[in-house]
Amino acid sequence: MSNNDGDITTAFLPKNLLYPITVLKIHVKEEQTVQKHTTILTYKYYDYEPIPISEIDDEHPDESERQVKKVENVGTYESGFDGTIRKIYTKVGDEITDNSKPIFDIIESCSHPIQYGGLCAVCGKSIEEEEMNKRTPISMAHGSTDLKVSSKEAEKIERSSTDRLLNEKKLSLVVDLDQTVIHVTVDPTVDEWMSDPNNPNYNAVKDVKSFILEEPPFIPFGYNGPPIPPTKRWYYVKLRPGLAEFLSKMNERYEMHIYTMATRQYAEEIAKIIDPDRIYFGDRILSRDESGSLTQKSLKRLFPVDTSMVVVIDDRGDVWNWSPNLIKVVPYDFFLGIGDINSSFLPRQQSLLGPSKRRKSVNKLEETIINSEEKKTLHEQSLKSNSEEAIAEEDEDEDEDEDEKADVEDNKHSSITEENNLIEPTINETSSSPVERLIELNNGEDNNTLLAVQETERTNTLEQQEHDRPLAKLQQNLEKIIEQEEVDIVTDKKLSNNGKKSDSEGKLEKETHNLLYDDDRELEYLGQALVRIHNEYYFEIEQNEKEHKKSNPDVKDIMIEMKSIVFQNCVFLLSSVLPLGTKIQNADIVIWAKSFGARFVENYTPEVTHVICKNPGTFKVRLAKSVDANVKVVNPDWVFACMSLWDRISEGPYTLEVEHLLSKSQVQEFMNSIKPSNSGVIDWGEIDDEMKEFMGSDYEDDEDDDDEEDNIEGGNANGSLKHDREDTDNEEEANKKQKTVTKEDDADSESDSFDEFERDLLDHLADLE
Amino acid sequence: MFFVKQLSLAVTLPPSALGGDMPARLRQQLLHDVEGTCTGRFGYVICVLNWSQIDSGKGLVMNNSGNAKFDVRYTALVWRPFKGEVVDGIVSSVNSMGFFADVGPLSIFISRHLIPSDMRYAPAHSPPAYIGDSDGQVVHVGGKVRIKIIGTRHDVDSISAIGSIKEDYLGPL
């Protein structure tokens with residue numbers, strides 16, 4: 001049964017001996033076959049022992065002051081391996097000072113490369129746990145964690161699978177389930193809609209699949225009551241449109257694996273639905289039960305050595321640590337407001353995850369959801385401490401003020417669409433609490449506790465969903481909104497006979513009352529991108545073969561190359577996209593777009609090429625457009641569309657009209673503020689102050705964090721703006737300086753003076769028109 | 001290997017069960033508690049043989065709870081895997097490292113080192129399988145295999161085993 005592959009293992013002394021030791025006797029000879037625990041050598045060492053009490057004088061009765069003396073001890077060293085000794089490096093009389101020197105070489109009869117349930121799967125010998133962890137640390141099977149292999153064996157297995165894939169001209173594709181290829185809810189409303197052909201949502205939900213799972217009850221620690229019956233729960237699964245074609249197309253080019261954070265049972269049920277014949281995924285399903293981590297996914301779990309042929313598709317980048325193998329897809333959000341039922345314990349996805357819904361009213365509804373959630377978080381946070389409460393109230397007051405102002409403005413300029421002002425997402429703070437909780441969870445080292453917490457969390461969320469029926473509520477709200485809109489239109493018509501209205505009116509008439517709408521095309525685009533990656537990879541392999549290069553290409557490099565050209569030379573400025581206080585370098589959309597080659601700045605600089613915003617009325621947008629007329633002001637959907645298609649598409653349909661450009665003098669003011677003097681010495685502190693003051697007057701919902709000025713890329717602000725500089729108006733600069741001074745004087749009434757300043761601006765603008 | 005083994009178990013019944021149907025309740029409790037369990041020492045308890053005439057002896061009412069404790073002696077059919085034993089099993093899962101086969105209640109792992117070297121892993125095969133190059137033998141999920149057990153490990157309440165099909169007359173049936 002031996003697997004003698006001639007590998008020589010070198011044995012060292014253990015670390016925890018009392019060095020130095022002197023070898024007294026060597027018990028084995030070279031070429032001798034030894035068993036584990038055979039004594040190899042006997043040695044002597046010195047230790048310090050307290051002198052026995054009988055030998056001490058009575059003068060020092062204190063225990064701690066007892067003297068110690070050096071004693072000579074003898075110890076033995078046993079072989080940790082079975083096998084044949086090849087060479088012994090030590091001889092009698094040697095003094096060994098540490099464990100850095102090898103003692104002997106041994107050819108092991110079995111290196112125990114695979115281990116199952118405490119047994120070596122090659123020789124059948126039982127392996128001690130300690131040794132097991134040392135030798136076979138990697139668990140790479142999909143369905144089981146009992147099976148572990150050594151790194152050498154993992155490499156071998158992987159090499160053979162790489163060869164196989166190369167032969168079949170395939171790559172590996174790791175597929176996430178929830179919100180990537182399917183969307184699942186437990187809301188029983190779906191069932192009612194499915195069985196009612198008259199329901200407005202019937203068409204969208206009629207092909208929803210459902211299954212029932214019996215889940216073992218979660219038993220709290222120390223629970224002594226009657227046994228809790230297992231819960232039965234219906235799941236409603238909506239497949240992402242085009243999934244069947246996607247899978248069959250990918251099957252020709254990729255070997256597909258499922259990697260999900262859901263339970264094994266759930267993953268298998270889903271696999272039964274999306275792959276009934278088990279031809280696409282086979283047994284290659286990895287679920288939470290085997291993942292090893294409850295909050296992170298790792299490619300090392302499936303591909304411990306070589307990830308150069310692996311592509312991952314997932315709707316969340318954070319769980320993969322934004323691995324270079326990852327293609328982040330736009331989350332499939334069919335059941336509105338449900339999210340991912342299997343990751344309720346993870347930090348909630350930040351707002352702005354994907355393109356807005358095509359239909360206005362649904363879009364608006366979604367904003368309401370976000371809005372209310374944020375409000376709720378805010379409320380919770382405000383309960384925590386009084387000081388926080390004060391701030392929150394202030395914020396809310398401000399919001400109200402803004403709303404009022406918006407209304408005033410609306411009356412003034414009726415051309416602004418009603419949509420922008422009706423439900424403005426008043427996002428005040430990031431919902432940081434789940435993140436904190438996650439950190440807490442991570443700190444708790446006990447995985448079982450973590451699992452328990454997670455399970456409770458999940459069960460609670462599901463129960464709540466089952467009970468609250470969020471979809472039914474949403475449908476009601478949607479109908480209200482549509483009604484409201486219809487009323488609005490009528491009133492609008494009465495107020496003004498503006499020709500622009502007719503467009504939106506036409507759209508609204510077509511607007512149906514169904515909440516759920518099947519308009520997702522992500523998989524089609526994703527499929528195209530994956531085919532391109534595959535072609536590129538095997539093209540490079542052919543190329544390498546021609547040039548007789550041995551090395552294989554890496555999909556990571558290919559993907560990075562393909563992605564980075566999409567937004568090459570683009571500098572993005574976000575406005576009213578992220579919640580206030582979000583660090584832009586941590587925002588999903590930023591990390592995501594950066595992988596496509598984009599660069600982001602926090603505040604406007606003249607090198608900005610695209611301003612991404614939902615509402616073109618913010619100060620940032622107007623400033624950008626005023627300074628540089630070539631700046632493209634686009635809806636975030638443009639970014640998502642580009643990232644889905646892996647191509648920079650025309651901005652045309654996504655361009656937003658910017659009204660109320662700033663006056664020339666204001667532009668000039670800005671230019672002065674970023675290029676303050678001709679003296680050549682740039683005082684960044686002063687610029688920061690001025691910028692703060694200037695940008696602080698942003699009248700609406702400039703949601704980016706203005707306090708973080710350190711990223712201003714003003715250093716590159718030269719170049720395109722030279723012509724502006726020529727007509728620098730000294731008077732204006734002087735005026736501005738004065739203003740700054742007055743403002744700094746009464747810092748308390750800062751916001752008031754901002755409001756004044758802003759009102760001035762608005763009046764000025766109105767006059768211009 | 002199968003054995004008929006005399007075993008005993010302490011069964012506790014609540015006072016509510018101490019009526020006319022006490023022997024039935026006792027039997028029910030016994031079967032529920034032992035059948036299908038595994039002990040490292042005796043192996044798997046397949047079934048209780050003479051369940052209609054088990055010897056429950058005289059019960060003892062425990063003084064702190066009122067429950068009655070019976071020392072039940074019964075005969076059971078047990079199965080214990082041994083190193084070197086040849087068994088037939090059904091393949092339950094196949095992966096790149098080898099495959100698992102169920103032999104009754106026991107799941108045996110056969111690593112790729114102990115599969116004949118002319119059998120190759122073919123994940124594209126549906127279902128995934130090990131396929132022999134020369135003779136076309138196939139090991140796939142649901143298929144039957146003859147395995148020689150080459151190592152067992154007995155823990156208190158579980159047994160794990162390693163098998164081989166790399167010998168004559170072993171492999172897919």
Side-chain angles (χ1 to χ4, degrees), chain A residues 1-3 5 110-128 136 138-144 146-150 153-154 156-165 167-168 170 172 251-252 255-257 275 277-286 302-303, chain B residues 14 38 40 81-85 91-102 106-115 117 119-131 139-142 147-167 170:
Chain A
M1 262 338 115
S2 75
N3 172 42
D5 47 9
C110 174
S111 62
H112 311 313
I114 304 182
Q115 171 271 126
Y116 168 69
L119 288 164
C120 166
V122 176
C123 64
K125 280 208 180 80
S126 169
I127 313 172
E128 285 150 34
T136 58
I138 301 168
S139 138
M140 65 185 290
H142 284 87
S144 154
D146 290 343
L147 198 58
K148 295 204 167 156
V149 298
S150 66
E153 183 73 9
K156 265 190 214 164
I157 291 169
E158 230 164 63
R159 205 177 306 132
S160 73
S161 73
T162 306
D163 290 346
R164 199 190 63 240
L165 287 176
N167 273 337
E168 294 172 6
K170 277 188 175 183
S172 294
N251 194 37
E252 295 162 17
E255 184 177 277
M256 289 185 282
H257 305 251
D275 178 20
D277 302 326
R278 299 177 77 96
I279 43 177
Y280 302 138
F281 297 106
D283 286 339
R284 295 183 295 274
I285 301 171
L286 185 72
L302 286 176
F303 305 93
Chain B
C38 170
F82 287 93
K83 185 177 172 177
E85 189 179 352
V91 180
S92 60
S93 98
V94 174
N95 60 45
S96 56
M97 277 153 276
F99 67 90
F100 288 91
D102 287 341
L106 176 69
S107 182
I108 300 181
F109 178 67
I110 296 95
S111 89
R112 64 192 192 97
H113 296 272
L114 300 175
I115 294 171
S117 48
M119 290 190 87
R120 281 177 204 290
Y121 179 50
H125 187 273
S126 176
Y130 279 87
I131 300 175
V139 174
H140 61 88
V141 173
I147 310 154
K148 181 173 173 184
I149 297 173
I150 58 156
T152 58
R153 180 184 173 121
H154 301 261
D155 292 329
V156 176
D157 57 353
S158 71
I159 300 175
S160 40
I162 298 297
S164 164
I165 57 167
K166 203 179 184 177
E167 270 175 64
L170 298 180

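Since the model is a prediction, treat every value here as computed from it, not as a measurement. Values below: every heavy atom of this structure, side chains too, minus hydrogens, waters and symmetry copies.
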Take B:R153 and A:S126 through the side-chain hydrogen bond (donor to acceptor under 3.5 Å, both in side chains) test and state the conclusion after the steps. CA-CA 6 Å; B:R153 180 184 173 121; A:S126 169; 3.1 Å; yes
Check whether B:F100 gets within reach of chain A through its side chain, its backbone, both or neither, counting any heavy atom under 4.5 Å. side chain
Are A:H257 and A:Y280 close enough that their ring centres sit under 6.0 Å apart? no
Is a side-chain donor-acceptor pair under 3.5 Å present for A:E153 with B:H113? yes
Are any non-hydrogen side-chain atoms of B:I115 and B:I110 less than 4.5 angstrom apart? yes
Whatever's closer than 4.5 Å to a heavy atom in chain B on A:D277 counts as backbone
For B:S107, which atoms come within 4.5 Å of any heavy atom of chain A: side chain, backbone, both, or neither? both
Using side-chain heavy atoms (C-beta onward) and a distance below 4.5 Å, is B:K148 in contact with B:E167? yes
Would you mind telling me which of A:A154, A:S160, A:G117, A:S161 has the largest number of heavy-atom pairs within less than 4.5 Å of chain B? A:G117
Part of A:I114 lying under 4.5 Å from any heavy atom of chain B: side chain
Any B:D102 side-chain heavy atom under 4.5 Å of B:S92 side chain: yes
Considering only heavy atoms, which portion of A:L165 lies under 4.5 Å from any heavy atom of chain B: side chain, backbone, both, or neither? neither
Heavy-atom proximity to chain B below 4.5 Å, by part of A:E158: neither
